[in-house]
Amino acid sequence: MPSEIASRVVILGTGGTIAGTAANPADHVGYVAGQRAAAELLGVLPGAAAVGVETEQVAQIDSKDMDRATWQRLAGRARHHLGRPEVAGVVVTHGTDTLEETAWLLHRVLAPLKPLVLTAAMRPATALSPDGPQNLADALVVARWPGAGGVVAVLAGAIHGAAELRKLHPYRVDAFASADAGPLGLVEAGQVRQFRPWPRGSVNLGLPKLGQAMAGASAQAWPWVEIVSSHADARPEGVHALVAAGVRGLVVACSGNGSVHAALLPALAQARASGVVVWRATRCLGGSIVADVDDDDDGIGPATPLSPWAARLELTLRLLCGAAA
Ligand code: ASP
């Protein structure tokens with residue numbers, strides 16, 4: 001199918017602050033997320049931005065409450081629309097709280113060639129100066145841009161790749177960054193300025209069946225993976241309780257370059273010995289663990305370059321397809 005006819009964009013609404021409302025326009029924190037439909041968010045944009053745009057409401061939630069069933073539905077609808085020849089790209093309106101997790105999940109299970117653009121807002125739709133309309137307009141620009149592809153997030157004029165996206169601030173409008181790598185590009189007055197190649201298509205980590213495994217398994221059947229953190233004054237009882245309760249995987253949010261408190265080490269070793277898969281990620285907001293070339297497994301489990309939250313999803317998916325190390 002010739003690419004020039006792929007000009008439609010589909011917005012999949014899931015809720016979040018971008019769709020949130022407050023009684024008082026000055027209220028940026030006491031609002032209720034997930035109140036306005038995606039069609040209403042589109043309705044406030046200038047007419048030209050909305051031409052050729054369809055909307056579909058997949059969920060209407062505060063993204064702090066994101067769950068597997070909603071992810072599964074979202075991935076299914078995104079896959080469906082991305083597969084339509086007339087669709088150039090898909091935009092997902094989402095809350096900021098778990099945006100990183102949804103971005104990683106969609107990146108791993110869909111790895112689309114076309115752009116799948118997540119956007120969100122830090123201020124509710126009723127704010128005196130809401131950031132949502134501009135973010136949505138910018139996301140539509142990216143979804144239509146011929147050079148775009150893969151899962152990206154567009155916020156505050158910056159385009160972030162799914163692998164690097166981090167929420168760094170709980171309140172500021174410019175709350176997201178791309179860790180060490182910097183953004184993929186910017187949206188400036190309706191134009192994309194690209195800084196580096198975009199992650200489009202197969203992520204090819206040797207797990208070609210990830211998407212099918214996730215789509216095929218009922219959400220209840222996803223393996224249970226938790227994050228435990230290593231911190232000063234750590235105690236092992238939490239690890240023991242999780243193992244006793246049947247956890248299948250643990251991601252240790254480690255201090256610094258993957259260090260783990262001595263009080264947790266025996267409990268984690270025991271967890272591993274009983275068949276629980278244990279991974280280490282850094283709890284630092286930027287960067288990733290640099291492996292010790294002499295001994296990259298200290299007996300606790302392999303280090304992942306992902307954030308603890310992305311690593312938890314990655315391990316869940318790998319356990320789901322029987323590919324966890
Ligand atoms: N709690 C909101 C959410 O994640 C925060 C936001 O969207 O900024 O849905």
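Read the numbers this way: they start at 1 and go in the same order the structure lists the ligands and their atoms. In this text, all values refer to a predicted model and were calculated from it rather than measured experimentally.
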Undergrad: In the protein, what heavy atom is nearest to atom 3 (C) of ligand 1, and what distance, to one decimal place, separates them?
TA: Asp62 OD1, 3.1 Å

Undergrad: Within the 3.5 Å criterion, strictly below it, is a donor on Trp309 or Glu100 matched to an acceptor on the partner's side chain?
TA: no

Undergrad: Report the nearest protein non-hydrogen atom to atom 8 (O) of ligand 1: residue, atom name, distance rounded to 0.1 Å.
TA: Thr96 OG1, 2.5 Å

Undergrad: In terms of atom number and element, which parts of ligand 1 are under 4.0 angstrom from non-hydrogen atoms of Thr17?
TA: 2 (C), 5 (C), 6 (C), 7 (O), 8 (O), 9 (O)

Undergrad: Any idea which protein heavy atom is nearest atom 4 (O) of ligand 1, and the distance to it?
TA: Ser63 OG, 2.5 Å

Undergrad: Please answer whether the main-chain N or O of Ser230 pairs with a side-chain N or O of Arg283 as donor and acceptor at a distance below 3.5 Å.
TA: yes

Undergrad: Tell me which part of Ala121 gets within contact of ligand 1: side chain, backbone, both or neither, using heavy atoms under 4.0 Å.
TA: backbone

Undergrad: Which of the atoms of ligand 1 are close to Gly95, meaning less than 4.0 Å from one of its heavy atoms?
TA: 3 (C), 4 (O), 7 (O), 9 (O)

Undergrad: Taking side chain to side chain donor-acceptor pair (under 3.5 Å) as the definition, give me every residue that meets it alongside Thr96, ordered by chain and number, with sequence neighbours left out.
TA: Lys167

Undergrad: In terms of heavy-atom contacts, does CZ of Arg196 have more than 12 from other residues, nucleotides or ligands at under 6.0 Å?
TA: yes

Undergrad: Quick one: CG on Leu155 to NE2 on His94, what's the gap to the nearest 0.5 Å?
TA: 11.5 Å

Undergrad: So, using side chain to side chain donor-acceptor pair (under 3.5 Å) as the criterion, who are the partners of Asp131 when residues are at least two apart?
TA: none

Undergrad: Is there a polar contact between ligand 1 and Lys167, counting only N or O atoms under 3.5 Å apart?
TA: no

